[in-house]
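Just so we're on the same page: letters track the sequence lines, and every chain starts at 1. These numbers come from a predicted model, not from an experiment.
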Amino acid sequence: MRSISRRDFLKLGAASTAVLAVESQFNVIAYAAEQLIEGGRSVTRASGLPRSFLPSTCMQCPAGCGIIGYVEESRVVKIGGNTKHLSNQGALCGRGQAGINAIYDPERLLSPMKRVGPRGSDSWEQISWDQAMEEVGGSLASLKSRNPRQLLFLTDDIGDDHLGQRFTHAFGSPNIIASIGDFNANKLVADELTWGASGDMPDVANSKYILIFGANPLESNPQYLGLSRRLVQGIRDNQAKVVVFDTRLTNTSALSNELHFVNPGSLGLLILTLANVIMQEGLYKRTFIEKWTNVTPEQLAQHLAQYTPERAEAEAGVEASVIRTVATEFATTAPATTFTDQVLSNHSSGVQNERAAMLLSIITGNIDNRGGLCLPREQELAQPEPVPAPPPPSALSNPPAYPLASEQTIAGTFAQIQSREEQVGVLISHNCNPAYSNPDLGLVEDVLKDETLIPYHVAITPFLTETAALADIILPETTYLEDSDIIVKPSPELVPYVSLRQPVVPPLKEARPFFTIATELAAIIKGGMEQYFSFKRVDEYLSARIANIGGLQAAGALDYLKQHGVWYDPKSQPDYQAFKQNGFSTPSGRMEVNSERIAALGSPALPTYEPVTFMSQLGEQDYVLTIFDTAIQSDWKTGNCMWLDEILHRNPVWMNPATAEELGVEDGDEVKLTRPNNVGEAKARSVTSTVYLTEGIHPKVIAMANGVGHTAYGRIAQAEEIPYREPPDVLQNPNTEMIWWGHEEPGGNGVNPKQIVPVTLDPVGGGEAWGDMVVTVAKV
Amino acid sequence: MEQPDINVVYTVKHQLPLIMFIGQYFFYTGLSAGSFVISVIATLLGRKEFKPIGKITAILAPILLIIAPLNLIADLEQPLRFWHLMLYYNWTSPITYGSFLLTAYPIVGIIYAIMVYTDRQGPAKVLGILGIPLAISVHGYTGFILALAKARSLWNTAAMPTIFIVSAMVSGIGLVVIIAAIRYKWFDKKATPETREQDKKLILQLAQFMAYTIMLDLFLIVSDILVLLTAHTDALEAGMLILTGNFSFLFVGVEIILGALIPMILVLGPTRKSLTAAVVASILVNIGVYAMRFVMVIGGQTIPLS
Amino acid sequence: MEIFTGEAAGAGPPKTKEDEQVAEDIRYGMVIDVRRCIGCQSCSVACKAEMSVPLEVFATWVKIVERGQYPDAQRFFLPRLCNNCENAICARNCPTKASYKRDDGVVMVDEHRCIGCKYCIASCPYDVRYINPFKNIVQKCYWCYHRLDAGLVPACVETCPTRAMIFGDLNDPKSEVSRVLATNATQVIKKDMQTEPHVFYIGADEAAMSNYEEEINYFTEPLFFPKIRL
Ligand SMILES: Nc1nc2c(c(=O)[nH]1)N[C@H]1C(S)=C(S)[C@@H](COP(=O)(O)OP(=O)(O)OC[C@H]3O[C@@H](n4cnc5c(=O)[nH]c(N)nc54)[C@H](O)[C@@H]3O)O[C@H]1N2
Ligand SMILES: Nc1nc2c(c(=O)[nH]1)N[C@H]1C(S)=C(S)[C@@H](COP(=O)(O)OP(=O)(O)OC[C@H]3O[C@@H](n4cnc5c(=O)[nH]c(N)nc54)[C@H](O)[C@@H]3O)O[C@H]1N2
Ligand code: SF4
Ligand code: SF4
Ligand code: SF4
Ligand code: SF4
Ligand code: SF4
Ligand SMILES: [Mo]
């Protein structure tokens with residue numbers, strides 16, 4: 001048998017729609033298959049005939065993988081991976097494949113709805129699009145003439161909502177807030193301060209030594225598939241050594257050489273101690289530090305001297321000898337990189353923590369080199385003309401207390417609204433669900449219910465989420481499988497790419513894409529807004545977004561993307577260490593290890609460990625609550641995907657047997673997690689769940705999974721026999737009647753731990769600090 | 001059993017393929033085979049006093065054997081396709097032998113019953129002798145069904161078919177005792193005191209015969225378990241399952257104590273002259289054998305395979 | 001720019017003339033390099049989609065176990081699916097030949113012939129068969145035969161992000177599976193069952209491969225009446 005290499009298939013893969021259609025011998029069921037091809041095709045089971053397909057881009061998580069939607073009788077029957085996509089390279093995670101569950105969710109909203117009872121009473125009347133647009137357009141028009149800055153637009157965490165931003169800015173409001181600010185705002189601030197770019201991209205596939213701090217890339221990561229694939233390449237093909245510091249046993253640690261349990265909240269100390277050892281042992285790269293940073297090795301060594309391995313052993317709980325060995329190995333193995341994500345920075349010392357982590361790569365010279373910690377590379381897109389001028393920032397969009405933060409967090413927004421610091425006239429929530437995902441859900445709910453705080457709430461969403469349930473009017477949007485957009489993400493392969501989202505099937509029933517909704521609203525609102533939405537078709541808008549990319553224009557522009565789904569310069573190689581020519585985009589052109597900007601805010605200029613007081617002094621009864629993402633669910637939108645819920649539907653409380661013994665509880669017992677008084681405000685004080693005993697958790701840590709515990713979002717997400725609207729034919733599926741886990745013992749769909757998480761922010765970065773979450777645990 | 005140091009974080013639940021329709025099917029074929037054997041013994045011995053019992057059992061056997069496969073068909077996910085068994089037979093499958101045995105045996109049984117009722121001793125004897133291997137096979141093959149599913153360590157023992165046959169005899173005799181006692185008590189109109197005395201003796205003898213079969217059954221079960229406990233880990237697990245695990249109550253309590261030891265004491269002990277004791281023992285024996293089918297069929301499937 | 005760099009599980013050597021020869025008889029096989037598996041369950045979901053596997057039942061899943069004591073606890077993955085055994089006891093025990101083995105080694109179930117006696121489920125040592133609650137017949141993983149016939153690898157193999165699954169012709173010494181099998185120590189689950197599985201594992205944890213789990217408590221299931229299925 002001839003085995004066809006993937007590279008061959010890439011050549012073959014030039015065969016796109018047209019070629020496949022011609023290739024009719026493919027119809028013949030060649031029983032003895034002589035070649036096996038990975039990816040890019042699908043056949044129906046009944047006839048063996050190829051299915052028609054269209055490439056597009058996934059939106060089940062921030063990674064934005066290239067997908068191929070396979071269609072039969074204008075129904076998406078399967079979602080496969082696009083082999084040409086640089087990030088996922090033909091693979092797809094479970095969530096990506098379960099997109100079919102979302103588009104055909106039996107309770108999907110397919111016509112506009114207007115609330116009839118009081119807010120949140122869940123009584124709706126179906127209205128026509130004409131009426132809906134008239135009402136929404138009317139109130140927006142009147143707000144625009146009164147005070148356009150009172151429009152608040154809340155949007156997704158994945159940073160794709162350029163159109164939402166254009167809408168808000170054209171309207172005259174600076175207040176577009178994406179929950180992307182939530183997840184690693186402090187990290188972004190630290191990165192920006194240090195090397196003048198938001199974020200990073202560890203070149204794990206080419207690395208020889210990888211230090212992972214509180215990240216879990218084999219289960220969850222903003223670039224999930226791209227990075228997990230590359231990390232496994234690094235581990236298995238490049239024989240990289242991987243050392244993980246976590247509070248919990250994870251899938252990432254399963255493939256790593258070492259896992260060290262570290263006291264929660266003390267990663268900053270641990271990291272600085274590693275740096276100290278490297279400095280003291282003289283294992284640092286003097287020339288790199290002197291040439292490319294604004295500190296001297298001596299200055300650093302002196303500053304770091306306070307972080308002795310013995311201190312770290314006492315405070316972080318990792319043996320001094322381990323710290324010495326890891327530091328030495330890291331500094332003497334090249335190339336090496338650190339790997340961090342939101343968790344390290346989700347503390348009130350988040351910015352300092354992340355700066356500390358970067359320091360390790362800096363002093364060992366592993367900056368933007370092959371196998372080191374690289375700058376993020378993301379394709380730049382054009383702004384379609386005319387470009388609405390961003391209105392001057394408001395206290396809501398850019399709270400003055402956090403001058404370094406690029407934007408507000410959703411949590412901060414709600415706190416500000418409640419304190420009536422800022423007035424909102426109309427709230428548009430689009431593609432986000434703060435009433436489920438935000439810390440202190442009680443606060444969010446209170447604000448959303450209060451008509452004096454939020455006079456009018458328009459939810460643009462395909463689903464009746466917790467947030468949409470608190471709206472005045474719901475505009476049924478298409479899901480990403482019926483939508484169009486240009487998507488760019490930081491490339492895990494370090495070669496920038498552009499990806500297209502295009503409708504795999506036409507919008508179901510009355511659902512409309514956001515582009516259409518925004519354009520129509522602009523035409524109703526007028527007041528100069530319409531000029532920014534004068535595109536006749538969405539293609540015009542999409543073409544304008546990619547107008548600046550010469551290579552893509554030469555390759556066929558939008559038509560190329562429509563055929564292939566993705567474009568990158570085929571000859572392009574990662575441009576490692578371009579900073580050697582241009583310097584860094586910081587004021588000094590160097591890496592600002594010593595940051596005056598942070599010092600101006602009263603925080604130490606050199607990376608410093610700032611213990612979270614109550615975390616470092618945990619009482620006997622106190623435990624730290626870790627809320628983690630899983631490979632199965634996205635912390636956000638996959639709650640209505642039955643194939644995923646079937647695998648992960650509950651989030652019992654992970655507990656070390658030693659902890660259980662202390663508390664006198666056993667596996668399966670119900671326990672109540674209560675937030676002590678002294679750690680911030682959240683309306684709910686406690687949540688209850690069952691104990692899951694595991695040896696894979698730090699005894700001072702209690703962990704719960706994210707992504708379950710919905711209290712709205714339909715019968716699948718809720719695993720309940722809730723009365724529901726008889727689905728239209730197109731959404732009917734006998735499987736959706738078989739949600740067995742609701743009847744299990746113990747039954748149900750888990751609990752949402754975020755209701756007890758208070759809104760706490762890093763005073764420097766302004767990003768959330770939900771990592772600082774302490775609870776007491778008691779048997780119920 | 002002692003938990004090794006392993007914590008299953010995720011695995012899926014599996015369906016329980018065979019439910020008690022199968023256990024009941026085994027139970028009924030067992031009863032049928034048992035009664036047929038008794039009937040044939042009665043016919044072969046040819047003694048007049050055995051005649052009534054020979055007649056009852058001759059009719060019982062085919063009736064039970066018509067009920068039995070109804071259970072089987074009801075258990076099929078596609079009951080209307082039962083005829084596939086005949087049309088698409090597979091000679092390596094024990095179910096295939098079963099489906100042919102299940103057809104042949106009742107035919108023989110019915111003709112045999114007609115001979116017995118029409119008092120044609122000669123043909124009855126011939127058919128009886130022909131029928132016994134069939135009866136034994138019909139029930140023995142159910143043992144093979146379990147034994148040949150080799151993944152299930154509780155089933156996969158050489159003793160399984162024999163245990164099934166012997167327990168079939170036990171329950172079959174038990175049933176005959178019960179029915180004979182009912183006839184003795186209420187329906188034996190034309191009986192003289194003398195024949196009544198004879199009948200009673202006969203029933204008690206049958207009950208004693210049952211007790212000896214129970215002993216044989218116990219011997220087989222004990223040897224089966226001893227081997228389970230000393231064989232590989234999976235088998236040990238199976239042995240522990242019925243001795244101390246979820247099924248210990250049904251196995252030790254119901255099958256062994258209630259369904260075997262107590263009946264033995266009842267019919268061999270001080271109450272050995274009592275007809276009531278014999279009947280109670282026979283009822284207990286049948287409960288015990290039913291429990292055994294349950295333990296085997298259901299219990300055998302509760303040992304996870306993955 | 002070279003993509004698809006996962007060499008161990010990735011692209012084969014450059015094509016030569018000899019590679020063009022098609023081996024006479026095909027015997028499909030799969031190698032799961034557990035050292036590359038990240039327990040993401042993408043394969044499990046891919047199968048649901050590709051084979052329309054209903055809720056409640058699974059043709060493939062990834063078993064995850066933990067072993068060891070804090071702080072040395074470790075986690076192990078074991079993707080599970082039908083082994084499409086050479087010596088398929090399920091097919092041998094099937095009374096209607098609804099379960100049968102294709103010439104290329106894929107063990108099939110003929111939907112129209114299966115009577116749903118479930119004896120194959122009871123017989124399979126690997127618990128990989130299930131009753132389809134909508135069709136009322138027994139099903140399992142067929143290695144996506146319809147994809148094989150069209151020259152495509154199975155859906156789970158295609159989607160595996162780390163290329164932990166390798167699929168191909170065992171009879172062709174040049175195929176990737178054969179090369180991996182020739183150069184690595186492999187395991188099969190329950191070798192002593194003599195079923196000769198065609199799914200081979202590399203680096204699987206022995207304890208994860210054993211069926212060690214507490215006994216399943218079925219007493220809550222309807223044991224005397226069949227579940228009424230819609
Ligand atoms: N499959 C999948 N992919 C996803 C997501 C998903 O839900 N599922 N979500 C997407 C989104 S929106 C985001 S923001 C990213 C998030 O991805 P990540 O930033 O990686 O965040 P988490 O997965 O929540 O946490 C990573 C690890 O940090 C550990 N941890 C938590 N607190 C501490 C601590 O105090 N100390 C130490 N040492 N470790 C700690 C947790 O145990 C966990 O293993 O992933 C994105 N990708
Ligand atoms: N305590 C604590 N809080 C956290 C986190 C944590 O780790 N701990 N994680 C945080 C993080 S990292 C994030 S990213 C946020 C997530 O917060 P959000 O960004 O608010 O994510 P969701 O709540 O899931 O909202 C996404 C919504 O989009 C809608 N949607 C789904 N599919 C589609 C589609 O195809 N098209 C359109 N138009 N809409 C769709 C659904 O209504 C879904 O509910 O939560 C944050 N909250
Ligand atoms: S990693 Fe994210 S974007 Fe990629 S397939 Fe999975 S859910 Fe979709
Ligand atoms: S898809 Fe691959 S990596 Fe993921 S669980 Fe399956 S075998 Fe493992
Ligand atoms: S794994 Fe089980 S079902 Fe699959 S072929 Fe082997 S015996 Fe049959
Ligand atoms: S259930 Fe179907 S496939 Fe299985 S043994 Fe019975 S007839 Fe054969
Ligand atoms: S080969 Fe196909 S049928 Fe088998 S487990 Fe994989 S996806 Fe499912
Ligand atoms: Mo996020």
Open item on the list: One thing to verify: whether A:R45 and C:E50 come together as a salt bridge, which I'm taking to mean a side-chain N less than 4.0 angstrom from a carboxylate O.
Closed with: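 No salt bridge links C:E50 with A:R45.
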
Open item on the list: Please determine whether a side-chain nitrogen of the Lys or Arg among C:D33 and C:R35 lies less than 4.0 Å from a carboxylate oxygen of the Asp or Glu.
Closed with: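 Here C:D33 pairs with C:R35 in a salt bridge, since their nearest N and O are under 4.0 Å apart.
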
Proximity breakdown for [X] and chain A, heavy-atom pairs closer than 4.5 Å:
X	value
C:S52	both
C:C40	both
C:C144	neither
C:Q74	both
C:F77	side chain

Only pairs of heavy atoms separated by less than 4.5 Å count here; which of [options] has the most with chain A?
options	answer
C:G39, C:P173, C:P161	C:P161
C:Q41, C:E66, C:H146	C:H146
C:V157, C:I38, C:L55	C:L55

TODO: Look at A:L255, A:I79, A:N656 and state which one has the largest set of heavy-atom pairs under 4.5 Å with chain C.
DONE: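 Result: the option with the highest number of such pairs is A:L255.
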
Task: Options A:A631, A:A98, A:A254, ranked by heavy-atom pairs under 4.5 Å with chain C, top entry - done: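 With the most close heavy-atom pairs to chain C, the winner is A:A254.
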
Task: Side chain to side chain, C:Y28 and C:F167, heavy atoms closer than 4.5 Å - done: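 Yes. Closest side-chain heavy atoms under 4.5 Å.
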
Task: Close side-chain approach of A:N251 to C:R75, heavy-atom, < 4.5 Å - done: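 With C-beta onward as the side chain, the pair touches.
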
Please classify the contact of [X] with chain C as side chain, backbone, both or neither, using a heavy-atom distance under 4.5 Å.
X	result
A:L92	both
A:H698	both
A:N735	both
A:Y224	side chain
A:L249	both
A:I697	backbone
A:I647	side chain
A:T250	backbone

Task: Rounded distance (nearest 0.5 Å) linking atom OH of C:Y145 with atom CZ of C:R102 - done: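 Rounded to the nearest 0.5 Å, the OH-CZ separation comes out at 8.5 Å.
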
TODO: Report the distance from atom CG of C:D205 to atom CZ of C:R67, rounding to the nearest 0.5 Å.
DONE: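 It comes to 4.0 Å.
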
Open item on the list: Under 3.5 Å, is there a donor on one side chain and an acceptor on the other for A:E493 and A:S87?
Closed with: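 Short answer, no.
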
Open item on the list: Is it the case that the side chains of A:S253 and A:S256 hold a donor-acceptor pair, with the cut-off being a distance below 3.5 Å and no angle test?
Closed with: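 No pair is found: no donor N or O on one side chain lies under 3.5 Å from an acceptor on the other.
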
TODO: Fit a plane to each ring of A:H649 and A:W740, take the angle between them on a 0 to 90° scale, and name the class: parallel (under 30°), tilted (30 to 60°) or perpendicular (over 60°).
DONE: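 A:H649 vs A:W740 ring planes: perpendicular.
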
Open item on the list: For C:Y70 and A:F261, take the angle between the two ring planes, folded into 0 to 90°, and tell me which bin it lands in: parallel under 30, tilted 30 to 60, perpendicular over 60.
Closed with: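 Correct class here is tilted.
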
Open item on the list: Testing the basics here: between A:T247 and A:V262, what is the closest heavy-atom pair and its distance to 0.1 Å?
Closed with: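 Heavy atoms of A:T247 and A:V262 come nearest at CG2-O, 3.4 Å.
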
